[in-house]
There are 2 protein chains.
Amino acid sequence: MYDVENSIGFLLSKGYQRAWALLREEIEQYELTPPQFALLAFLWREDGLTQTELSETGQIDRTTLGGLIDRLEKSGLVERRPHPRDRRAYQIHLTARGRELEGPLSECATRTLARLTNGLTETEVSELRRMLIILRGERTVYDFPAC
Amino acid sequence: MYDVENSIGFLLSKGYQRAWALLREEIEQYELTPPQFALLAFLWREDGLTQTELSETGQIDRTTLGGLIDRLEKSGLVERRPHPRDRRAYQIHLTARGRELEGPLSECATRTLARLTNGLTETEVSELRRMLIILRGERTVYDFPAC
DNA sequence: TCAACATTGACAGCATACTGACTATCTGTA
DNA sequence: TACAGATAGTCAGTATGCTGTCAATGTTGA
């Protein structure tokens, strides 16, 4: 009999839901969602990318990203600026307010990680991270046809 | 600087997305989504639960579950029957077709797991499972007030 | 140069996930 | 019995994530 409850997929979904709920709780006062936080975090690292570039580096679906940016723009944390050499594209820039949040939000994320991984040792967390990267990965195997 | 890309939460979300995509691919011919598959899998184990009971054992939000059942009912895989002693409640039962799918869909799930964990050894998969259960868990710690 | 093709971002449509509010019903207690 | 509070399920609203389609714009090759 198939054991859903202990299947990796099911456990990933529940783990993800818990991670989401904890982070949501920590950043609630900023009226942000976890994906919005993640997008800001990518922008703290590199500002001014186009939506397509952001979609690739952040591994966020192109159309999902559009909506995320809409909402962050409405909250005044990012802005779309016309691309200087490509009239189809926008460059996404943090506003001053969006940059300011790096400190406080990073602390929220640190607290979230601590709560999430409460039952694991540091070594286990590293192991988990390593395995999740492998799980997601395999791009080198599947993305390119043998050539 | 906060490193989103290697944060457990971000990796969980991407791992989950990959698990979803792979399973989606395997069960595509049955026109089911991964959550619909999971719900069926819980019903293969125990049939006739109410929505609230299913919501608890399956750890699926009450309102989300309602929609899932709507769609599975429309597909002819489950049916709502009035509860014999509680006029507010339904008992959710598999149809013959819903029961028939246990074999083929379990095989799809097995193939998905194999593809998903391609880069990990069996020992690592067990470790991962154990850690994900801990991640999600902690019910004994948080859910009950000290009493 | 111009036509074929590719790319950028928007939009509609669907499923999941959650919140909060609501109706119908049940339960426990005075 | 009657009423207060709890519970079952629905609905509206919002955000994410994905597919498919489209218009506008870029790019490339004959």
Side-chain angles (χ1 to χ4, degrees), chain A residues 9-10 12-25 27-28 30-40 49-56 58-75 78 80-92 136, chain B residues 9-10 12-25 27-28 30-40 48-56 58-75 78 80-92:
Chain A
F10 181 77
L12 279 171
S13 90
K14 296 313 159 190
Y16 171 54
Q17 281 169 22
R18 186 159 126 83
W20 174 301
L22 290 181
L23 181 55
R24 188 76 184 76
E25 220 176 283
I27 64 180
E28 196 166 30
Y30 301 100
E31 300 198 327
L32 289 172
T33 61
Q36 288 168 16
F37 164 81
L39 180 51
L40 285 181
L49 297 177
T50 65
Q51 293 188 196
T52 300
E53 286 164 346
L54 258 182
S55 157
E56 277 159 15
Q59 295 166 71
I60 303 170
D61 179 76
R62 220 167 72 253
T63 57
T64 301
L65 183 67
L68 276 175
I69 293 174
D70 284 347
R71 288 179 284 276
L72 284 176
E73 204 170 22
K74 205 184 295 176
S75 310
V78 308
R80 284 180 167 95
R81 296 188 200 157
H83 191 286
R85 287 177 311 285
D86 187 340
R87 278 182 297 165
R88 294 168 306 178
Y90 296 106
Q91 287 177 317
I92 310 303
R136 176 197 59 180
Chain B
F10 181 77
L12 279 172
S13 90
K14 296 312 160 192
Y16 171 53
Q17 280 168 24
R18 186 158 126 85
W20 173 302
L22 291 181
L23 181 56
R24 189 75 185 76
E25 221 176 283
I27 64 180
E28 197 167 31
Y30 301 99
E31 301 197 329
L32 288 171
T33 62
Q36 289 168 15
F37 164 81
L39 181 50
L40 285 180
L49 297 177
T50 65
Q51 292 189 198
T52 300
E53 286 164 345
L54 258 182
S55 157
E56 278 160 14
Q59 295 167 70
I60 303 169
D61 179 76
R62 218 166 74 251
T63 57
T64 303
L65 184 66
L68 276 176
I69 294 175
D70 283 348
R71 287 179 284 277
L72 285 177
E73 205 170 22
K74 206 184 295 176
S75 310
V78 307
R80 285 181 168 95
R81 296 189 200 157
H83 191 286
R85 286 178 310 285
D86 187 340
R87 280 180 296 165
R88 293 169 306 179
Y90 296 106
Q91 287 177 319
I92 310 302

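Hydrogens, waters and symmetry mates play no part in the numbers below; they use all other heavy atoms, side chains included. Each chain gets a letter, A, B and so on, in the order its sequence line appears, and its residues count up from 1.
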What residues, two or more places apart in sequence or in another chain, satisfy side-chain contact (heavy atoms from CB on, under 4.5 Å) together with [X]?
{"X": "A:S55", "answer": "A:R62, A:L65"}
{"X": "B:E53", "answer": "B:L49, B:T50"}
{"X": "B:A19", "answer": "A:L12, B:L116"}
{"X": "A:R81", "answer": "A:E79, A:H93"}

State which residues pass side-chain hydrogen bond (donor to acceptor under 3.5 Å, both in side chains) with [X]; sequence neighbours excluded, sorted by chain then number.
{"X": "A:R80", "value": "A:Q51, A:D70, A:E73"}
{"X": "A:S75", "value": "none"}
{"X": "B:Q17", "value": "B:K14"}
{"X": "A:E25", "value": "A:R115"}

Where along nucleotides 8-20 of chain C does protein come under 4.0 Å, by heavy atom, of base (B) or sugar-phosphate alone (S), with - for untouched nucleotides?
SBBB---SSBBBB
Strictly distance-based, threshold 3.5 Å: is any side-chain N or O of A:R24 a donor or acceptor partner for the main-chain N or O of A:L32?
yes
Taking only residues two or more places apart in sequence, or in another chain, which ones meet A:D86 in a salt bridge (charged side-chain N to carboxylate O under 4.0 Å, His left out)?
A:R88
Please find the earliest and latest nucleotides of DNA chain D, in the 5' to 3' direction, that have an atom within less than 4.0 Å of any heavy atom of chain A.
D:dA15 to D:dG26
Based on the rotation axes of five pairs at each end, what angle does the helix from C:dT1-D:dA30 to C:dA30-D:dT1 bend through, to 10°?
10°
